[in-house]
Amino acid sequence: MSSCRLEAIASEKEYLDEDEDHLALFAAAVEGAALCTVVGIEGSFSRRLGAQLAILPDGTIVGTLADGCLEQQLASDCRQTNAAIVKRYGSGSSTIDFRLPCGGGLDVLLDPAPDRDACLATLDALWRRREAQLLLAPNSFLTARRYLPRLVVRAFGEGPEIEALHAIGAASGIACQVVEKKTLTLARCSGLTPADRWTAVVLLFHDHEWEATLLDEALDSDAFYVGAQGGHNARSARLDEMRRRGLTERNLGRIRSPIGTPSGSRTPQSLALAVLAEMTGEYERLRSIA
């Protein structure tokens, strides 16, 4: 793998190194970087099976697994490892002077030289919005690490609600594609590429006559989440209009309204937080069926 190929990915696929789940994979494509993958968990642990971090040649650690002590131990062990091995940390470890804060045990695959071309191919698939996997060492308990494309939130609307969603989403590292009402034409589609199954679509309008065409568009896509704000009267009128347009009850059931977890928010900021929590919760559930 040449450095120019990695630089091309960095420039063309900038969002990848901003996604927490892709951070270590991106860094592992750098020549000389090591990749650490959690391949076994005993007891409780704050990260999922397959959680990763990478260690760059200058010692920089990309990604997090615990409170910093584990990361430093992994970096130290990787410097002393010439081939991919699985090592136990915490409970059951032969290193008696190192314990995990949670009291559990981890099996971590230390790979001082992951397949750089495979890392690049996986990143390329994710950039193309496809599920991907990276094969791990054959002696690992987990034979492959699976990845989902980054969560994208596509929000249509106006006013403080959409501004709050954009601001909080950006601060949380969530990719938000905001489409303001002033850029749309009433009763016309947005003209955007259809949403894929890793995209959430939400409508934040006060003038609900703008919704029907955009809901048709969203429900005709693979979006895993389709929601629209509005009170009881707005929701009833919306469903009546969508039935008039010929939508089936199954499709109508895909429209979330009220939106947010918990529902009932009364400020733009609390609504944005609730909606983003609901979306990210649904996105996380996609991992179990990916």
Side-chain angles (χ1 to χ4, degrees), residues 1-41 45-87 89-90 98 100-102 106-127 131-137 140 142 144-152 170-175 280 283-284 287:
M1 179 205 69
S2 65
S3 60
C4 61
R5 286 180 61 194
L6 182 58
E7 289 169 3
I9 283 187
S11 61
E12 295 173 10
K13 308 163 189 181
E14 184 177 346
Y15 76 90
L16 281 168
D17 64 352
E18 298 175 1
D19 186 272
E20 184 178 359
D21 196 48
H22 305 159
L23 277 173
L25 175 66
F26 190 90
V30 175
E31 199 67 44
L35 181 63
C36 302
T37 307
V38 175
V39 296
I41 300 175
F45 190 60
S46 58
R47 300 303 178 94
R48 69 172 66 86
L49 193 67
Q52 293 177 311
L53 65 78
I55 302 155
L56 296 177
D58 65 359
T60 300
I61 296 172
V62 180
T64 61
L65 293 180
D67 61 354
C69 293
L70 175 60
E71 287 83 345
Q72 294 299 326
Q73 186 67 46
L74 291 170
S76 175
D77 291 344
C78 280
R79 286 193 292 269
Q80 303 173 44
T81 301
N82 296 319
I85 61 168
V86 175
K87 189 167 182 177
Y89 295 88
F98 180 82
L100 295 174
C102 59
L106 292 181
D107 295 302
V108 181
L109 172 65
L110 310 180
D111 191 345
D115 186 331
R116 316 291 176 193
D117 288 327
C119 290
L120 285 171
T122 304
L123 287 167
D124 188 68
L126 291 169
W127 176 69
E131 295 178 41
Q133 68 174 13
L134 180 70
L135 296 180
L136 303 176
S140 170
L142 184 69
R145 170 61 157 85
R146 304 183 73 178
Y147 303 85
L148 295 185
R150 186 184 191 186
L151 164 65
V152 170
S172 304
I174 297 173
T280 54
Y283 174 78
E284 287 298 311
R287 297 185 190 280

If you compare all heavy atoms of [X] against all heavy atoms of [Y], which two are closest, and at what distance to 0.1 Å?
| X | Y | answer |
| --- | --- | --- |
| Ile55 | Leu53 | CG1-CD1, 3.9 Å |
| Leu148 | Glu131 | CD2-CG, 4.0 Å |
| Ala28 | Ala54 | N-CB, 4.1 Å |
| Ala51 | Leu65 | CB-CD2, 3.6 Å |
| Ala66 | Leu70 | CB-CB, 4.0 Å |
| Leu135 | Ala144 | CD2-CB, 4.0 Å |

Could you tell me which residues satisfy side-chain contact (heavy atoms from CB on, under 4.5 Å) with [X], sequence neighbours excluded, listed by chain and number?
| X | result |
| --- | --- |
| Ser46 | none |
| Ala175 | Arg150, Val152 |
| Gln72 | Ile61 |
| Leu56 | Ala27, Val30, Ala33, Asp58, Thr60, Val62 |

Dump the intermediate steps for side-chain contact (heavy atoms from CB on, under 4.5 Å) on Leu134 and Leu35, then the final yes or no. CA-CA 12 Å; Leu134 180 70; Leu35 181 63; 3.9 Å; yes
Any [X] side-chain heavy atom under 4.5 Å of [Y] side chain:
| X | Y | value |
| --- | --- | --- |
| Leu136 | Val39 | yes |
| Ser76 | Gln80 | yes |
| Leu74 | Val108 | yes |

Begin with the C-alpha distance, continue with both residues' side-chain angles, and end with the deciding distance and a verdict on side-chain contact (heavy atoms from CB on, under 4.5 Å) for Leu25 and Thr122. CA-CA 8 Å; Leu25 175 66; Thr122 304; 3.6 Å; yes
All salt bridge (charged side-chain N to carboxylate O under 4.0 Å, His left out) counterparts of Arg47, not counting sequence neighbours: Glu20
Taking only residues two or more places apart in sequence, or in another chain, which ones meet Asp21 in a salt bridge (charged side-chain N to carboxylate O under 4.0 Å, His left out)? Arg48, Arg145, Arg287
Would you check if there is a donor-acceptor pair between the side chains of Tyr89 and Asp107 at a distance under 3.5 Å? no
Please answer whether the main-chain N or O of Leu142 pairs with a side-chain N or O of Ser140 as donor and acceptor at a distance below 3.5 Å. yes
Has Gln52 got a side-chain atom pairing as donor or acceptor with Val38's backbone, closer than 3.5 angstrom? no
side-chain contact (heavy atoms from CB on, under 4.5 Å) assessment of Gln133 paired with Tyr147: CA-CA 6 Å; Gln133 68 174 13; Tyr147 303 85; 5.5 Å; no
